[in-house]
Every structure is written in C-alpha cells, then in structure tokens.
2 protein chains.
Amino acid sequence: MVSARHMYCLPGRCEIIMPACRVYQDCMDMELHRLRTFVAVAEIGSLSGASDVLRIAQPALSRQIRLLEEEVGQQLFTRSHAGMRLTPAGGELLGRVSGLLRQLEQSLDEVRSFAQDPAGEVTIAMVPTVCAVVAEALVRRVARELPQVRLRLIEGYTSHILDWLHQREVDMAVIYGPAIDLHLRARILATDELVLIAAAGQGPAPGPVAVADLAEKPLILPGSQHGLRLVIEKAAEERSGIRLTIAVEAGAFATSLELVAAGLGWTVLPGSTAARFAADGRFEIRPFAPRLSRQVVLAEPPGQPATRAIERVTAILSEETERLLR
Amino acid sequence: MVSARHMYCLPGRCEIIMPACRVYQDCMDMELHRLRTFVAVAEIGSLSGASDVLRIAQPALSRQIRLLEEEVGQQLFTRSHAGMRLTPAGGELLGRVSGLLRQLEQSLDEVRSFAQDPAGEVTIAMVPTVCAVVAEALVRRVARELPQVRLRLIEGYTSHILDWLHQREVDMAVIYGPAIDLHLRARILATDELVLIAAAGQGPAPGPVAVADLAEKPLILPGSQHGLRLVIEKAAEERSGIRLTIAVEAGAFATSLELVAAGLGWTVLPGSTAARFAADGRFEIRPFAPRLSRQVVLAEPPGQPATRAIERVTAILSEETERLLR
DNA sequence: GCTCCTTACGTCTCCCGTAAGAATC
DNA sequence: GATTCTTACGGGAGACGTAAGGAGC
C-alpha cells in the first residue's frame, strides 16, 4: 500500500517519498477534541479545574489525557495530589500545538465570515504602558466598528511578546523598539519620550533634567527584563558614566507611581503614560535634555496570511496608538 | 457564562476579552477528521477519487463535506458531473488549513519521538536543476542516517517555492537567489556557474564564450517564470544589448537537453547540472566569460520552531548541496 | 475528611458502509 | 450506460456522565 499523499499529485508538484511506503491512516487518528482538552488541562493545571471550565465530567478528561499519552507514546503529565504538571514532553506538545489550534479556529472564523463583515477572535499583545493608554479607545472602537470581533488584549514585556509573536500566540503586537529585525514585519508607530516623575515638591528644579542628575538619587524602576530599564541604564552609562541607584524594582508602573507619590524616590516613564496617569497634583514631571526616547513599534507574527479581522483591528490599533502617543 | 479563556490566566498574562461573554463550545466542534477529508477532496477534485485514496466509502465523504459546509455556513464546492470544484470560500479554507494540518502532524511526530531519534515527515522543495543533482545523495543519506524520517521532495520554480514557504507547505527549500529578504531566513549554499551547451560538433570554438555570441542563435530556454531565463536575458541586455532568439521554450532541462542533442539549438544550464547530465559525448560545454552565475540559497519558512527531523535533514541537505555544487 | 486523579459501566452520538436514487455526458 | 454526487438505513466505535475506588495532605 502506498501513502495517501503519494497517490495524487498537485499540478506543478512532483513528489518523491522515502522510505517507500507508508499508510497515512496509521497516525491520522488524532482529533482536535483531544488536543483541546490537553491544552486546557495543561494551562489550568488540574483535571478538576478544567472540568469546571470545560463543563465536562472530570473522569472524561482523565480518559482523554490517558488516551493522548498512549497515542503519542509519552507521559505528558506528572500526577499528584496538587494536580497535573507538564513533563518536558508535555511542554513540548503544548508549545507546539496551542498556537496551531488558535490559528485553526481563526481560519474557520475567517471562512465563516467569508464575504461578510470580519468576524472571529483577534489577540493583541502590548507593553503595559501602551496598553494602559490605548486599551480603552481600542476596545471602544472595535466594539462599535467590528461587533463580530472578539478582542483579546494581553499585556507583557517586549521580550515575552517577541516569543509570543514567533510562536504565533498573538496576532499583532505593540512593543518597544529598536525594531530589531527578527524576521518580523514591523512598523514604527510613534516615538515615546521618557520623562522623570517625582512626588510633588520633591523633584528637581523645573525645566529639563540631565541623566546625570539621576546619580545617587533613589530610583524606582522595573526589573532588568523590562526594556525601559535598559534604555535608562544605557543612557546613564553612555551619557555620563554614572551608575544608578535602584531603590525599588517595580514592574507595574501604577505601583511605581504609588511609590513615587509616597516619596520613596523618582521614576521614569513614557510621557504618554505620565500625561494620563501622573497628571494630578501629586506629581512633578520633568523632560530630559537631551531627550530620552523609545520607538513604539507595531509588529506582526511571521508568515501566515492575516484574517480580515486582524487587518481591521490592526488599522484601528495603529490609528489610536499614533493619536494617543502623538 | 464566561468564555473559557477568560476564566483562567497564565502567569504573566492579563486578559481582557471583548465583547464580554462567549461560550467557546459553540464553535469548537470542528474536528480534524472533517478538515482532512476536505483537504483530500479539494486536492483530488472529486469525491470518488478521494474515496479511492482515503479508502472511505464515497457517500461518507459526501456527508462530511455537506456537514462541513453547514458548519462554516458557506458553499465550499460546486458539484458537477466532472467532480467537485472549489468555490472562492473553499479555496480560502484550503489555503489556510492545509499548511496547519501539516504542521499539526509534524508537531505530533516530534513529540512522539521525544528523547528518541528524530521522526516524522520532512518536506523539501528544490528547483529542478538542484533537485536532479542532489536528490539521490540526499535520499540515500536520509534513508541511512534518519530511518524514521519520511522525506518528501517537491520540485518547483523559485517563485512557486517562495509561495509554499510563506504558506508553510514546505519545511525547507533550495532556491535560486539573490536572497531577497521576504522575511525568510536564508543562507547561501553555493554559487552555480552557468554554461552553454550545444550538440557535439555544433558549438562555438572551444574556450569561453561571451553572452554576445548568443545573438541570433536559436536557443532552447525555459519560460519567463523560470529564474534561469531571467538571469540570461538580463545578462544579454546589460552586457551587450542583444536580444535573444528563443527557438523553443522548455521548462524541464532534460527536455532541453534532448532538443539540443537533436540539433535544434543551444541551451544554458548550471554547470553542476551539465556535469551530471550532459557529460556524455553528445554535448559540448562552454563556460561564459565573464562568468554567468546564480546563488543557490537555502531558505526556511518564517517563524515556527522546526522539528529535530527538519534540522537534521537540513544539515544533510546543506552538506550535500555544497559538496555536489562545489 | 478533603481534594486530587482513576476505574467501571450504561447510554448516546456520530461516522462508516451498503444499497438505492438522480443528474449529466 | 457510464460517471458523478446524494439520500436512506443499520451497525459499531468512541465519548460522555454517574458511581465507586485509591492516594496524599
């Protein structure tokens, strides 16, 4: 018996298959059903929890997982009283299939809405500061202009978002540049100027400040995986050779602002974020001279044709980001 | 009821879903089963043909297709006495899902062979001239060194192969450069020198020939979609301003060689191809001066992590191509 | 005792295959 | 009449749900 693919030929394609024969049916019995329950169980971390979410009896899930493990010939979870933990093989499977399942659902949504208004789910990742500024307007416009589209917004740091883009876990992302070419299509949406934020009455004299002025002052900055931190450290190093004093590491800018307001130190944020969340009387805002800035970049995942829903949401996202970040 | 994804949260992800509620089960009933039969029917073009290939009774396929059409709410085929022809919506679906199904199978193969020898299917596209030279050695080494790997070789022209790469229909490709960056990772494997081939006794005087010497002579060259043709025409234009006389357009180089042997004209081929297929007494081979050459490029599809099987086959492919093309 | 996951069994859905029907060349 | 796709019906595989069992805190 010859493999299925060997028996027919698309025009323009000549196929040679080695080793000779192979029956496709043998390994074609995997169904989405089983993979979907796997992904849910893996992400939730327990059968009972997944049972609640999926509204399927827990023994049925147990059986599906066991059958999946038999089908791939690998143990995918370690069971314990604490739930289900992925084995390395299970992690490999999750990483590979979850993005594919998402794309499959999207493809079906795209065909379902063929010749109609765009429909389906669109997942967008943004860095927290941009998300905080843009999310409301984006959600509002998508709800009004694309009622058939479900929007998922995910916050994350640029480094994580890049991983998600490459694994196709997200459909579009707003991250901070420079737009390093990782074989992604990217477009610069805005250049976000960074500003110094201090509690009212505790800032430097009005007017621009130099990076050197930060020396020895207690600062509240995000951790080193955060792009903002790198920009500031690099500027401090290059411009004045000073070393920064990090009083507190706070990843969430809202927390940083609270700490600044409490007088624990200064922080640095994009001007658009400051204008929106630090505009009340509690803070003093100072620009840098020379300017400190970051590129705000719109990045697409590699390859695959986007759905119309993604294209439309992207257009709205670009407009709103450019508008709100000036 | 709240959507499934809304109810659990991966660490580091904060999700906002709009519009509010959505029951995932509603549209999650699609199964691979149905999509696989769709792809087979679409590629084969008839239910009866697919019935033979898939070894499933034809009425069962008919029913699956009807159910799929109901599930996506679109007519996917036009039926006729001549078989099943894809509608535009059907074409959209095929283009989107066939690559995804292939990746899904690959992912499962990768996990099945976790911590073992690489296994699964690897699809490689090559331009015909390279395929003719490299295929045998590649197939031999893969069969010996990677017995668990099924190799699919597909011949095509560079322009088609680029489409396949972007749709992820192939896992790796050897094409002709220049390695235009279409957001593909690409590596130059060799530079293939082009040579003039004439029937024995009908060539120009021994020694290098100039492109200008081709003027007015009847040539047997592939069609204009073929990269080789473009290279030659461009050289003729730039180097001497002459216009070529195309006696016959023949895409397959084996055919071209037969026509040359029959005395119908000259042709131009990569030196590696000529050395292998025109080395008998029937032909005379002449280099060009200055040289005419093309880059031979290894290109990967965008994104997605390759399987170990793909990596291993790629390594062999690179070695053999570099060796055989010098 | 509580919370996990697992095993066992009855019911139901879905898909397949066979057989017969309708349309086009 | 040949080929094509479609409709109708009976049997079987698989998945769910309920109920009961075992292990770790």
Side-chain angles (χ1 to χ4, degrees), chain A residues 4 8 23-72 74-87 89-90 101, chain B residues 4 7-8 23-72 74-87 89-90 101 108:
Chain A
Y8 54 87
V23 180
Y24 251 83
Q25 271 70 11
D26 286 357
C27 71
M28 297 270 281
D29 48 0
M30 177 69 65
E31 285 301 333
L32 285 185
H33 174 68
R34 199 158 285 177
L35 292 174
R36 281 194 267 247
T37 69
F38 165 74
V39 171
V41 170
E43 292 191 344
I44 294 169
S46 80
L47 291 181
S48 47
S51 170
D52 291 342
V53 172
L54 300 177
R55 299 170 171 270
I56 291 176
Q58 177 217 44
L61 299 182
S62 177
R63 184 162 179 274
Q64 290 306 315
I65 298 298
R66 183 174 54 77
L67 290 175
L68 180 61
E69 288 179 321
E70 286 171 12
E71 278 188 283
V72 301
Q74 304 284 338
Q75 192 180 344
L76 299 173
F77 293 97
T78 53
R79 280 80 164 164
S80 78
H81 60 95
M84 310 280 280
R85 260 228 337 258
L86 283 173
T87 61
L101 294 189
Chain B
M7 296 193 56
Y8 53 87
V23 181
Y24 252 82
Q25 271 69 10
D26 286 357
C27 69
M28 297 271 281
D29 48 1
M30 177 68 65
E31 284 302 332
L32 285 185
H33 173 69
R34 199 157 286 175
L35 292 174
R36 281 195 266 247
T37 69
F38 164 74
V39 171
V41 170
E43 292 190 344
I44 294 169
S46 80
L47 291 181
S48 48
S51 170
D52 292 342
V53 172
L54 299 177
R55 299 168 172 272
I56 292 177
Q58 177 216 45
L61 299 183
S62 176
R63 184 162 178 274
Q64 289 306 316
I65 298 298
R66 182 172 56 76
L67 290 174
L68 181 60
E69 288 179 321
E70 287 171 12
E71 278 188 284
V72 300
Q74 305 283 336
Q75 192 177 345
L76 299 172
F77 293 96
T78 52
R79 279 82 164 164
S80 78
H81 60 95
M84 310 279 280
R85 260 229 336 260
L86 282 172
T87 61
L101 294 188
L108 291 171

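Residue numbering restarts at 1 for every chain, and letters A, B, ... go by the order of the sequence lines. These figures come from a predicted structure and were not determined experimentally. These numbers come from the heavy atoms of this one structure, side chains and all, not from hydrogens, waters or symmetry mates.
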Item to check | Distance test, side-chain N/O of B:Arg63 to OP1/OP2 of D:dT6, below 4.0 Å | outcome: no
Next on the checklist: At less than 4.0 Å, is any side-chain N or O atom of B:Ser48 found next to OP1 or OP2 of D:dC5? Yes or no.
Outcome noted: yes
Checklist entry - To the nearest Å, how far apart are A:Glu71 CD and D:dG14 P? => result 10 Å
Next on the checklist: It should be established whether A:His81 places a side-chain nitrogen or oxygen under 4.0 Å from OP1 or OP2 of nucleotide D:dG22.
Outcome noted: no
Checklist entry - Can a side chain N or O of A:Ser62 be found less than 4.0 Å away from OP1 or OP2 on C:dT6? => result yes
Next on the checklist: Within the 4.0 Å heavy-atom criterion, would you say B:Gln64 contacts the bases, only the backbone, or no part of the nucleic acid?
Outcome noted: sugar-phosphate
Next on the checklist: C:dT6, OP1 or OP2 - any side-chain N/O from A:Arg79 closer than 4.0 Å?
Outcome noted: yes
Checklist entry - Looking at A:Gln58, does any N or O in its side chain come under 4.0 Å of the phosphate oxygens OP1/OP2 on C:dC5? => result yes
Item to check | Whole angstrom value for the distance that separates P of C:dC14 from CD of B:Glu70 | outcome: 12 Å
Next on the checklist: Looking at D:dC16, I'd like to know if its phosphate oxygens (OP1 or OP2) sit under 4.0 Å from a side-chain N or O belonging to A:Arg55.
Outcome noted: no
Checklist entry - Looking for any heavy atom pair under 4.0 Å, which part of the strands does A:Leu67 touch: base, sugar-phosphate only, or nothing? => result sugar-phosphate
Checklist entry - Taking only side-chain nitrogens and oxygens of B:Arg66, does any of them come within less than 4.0 Å of OP1 or OP2 of D:dC5? => result no
Checklist entry - Which part of the nucleic acid does B:Ala57 contact within heavy-atom distance under 4.0 Å: base, sugar-phosphate only, or nothing? => result base
Item to check | Salt bridge present between A:Arg36 and A:Glu43 (N-O < 4.0 angstrom) | outcome: no
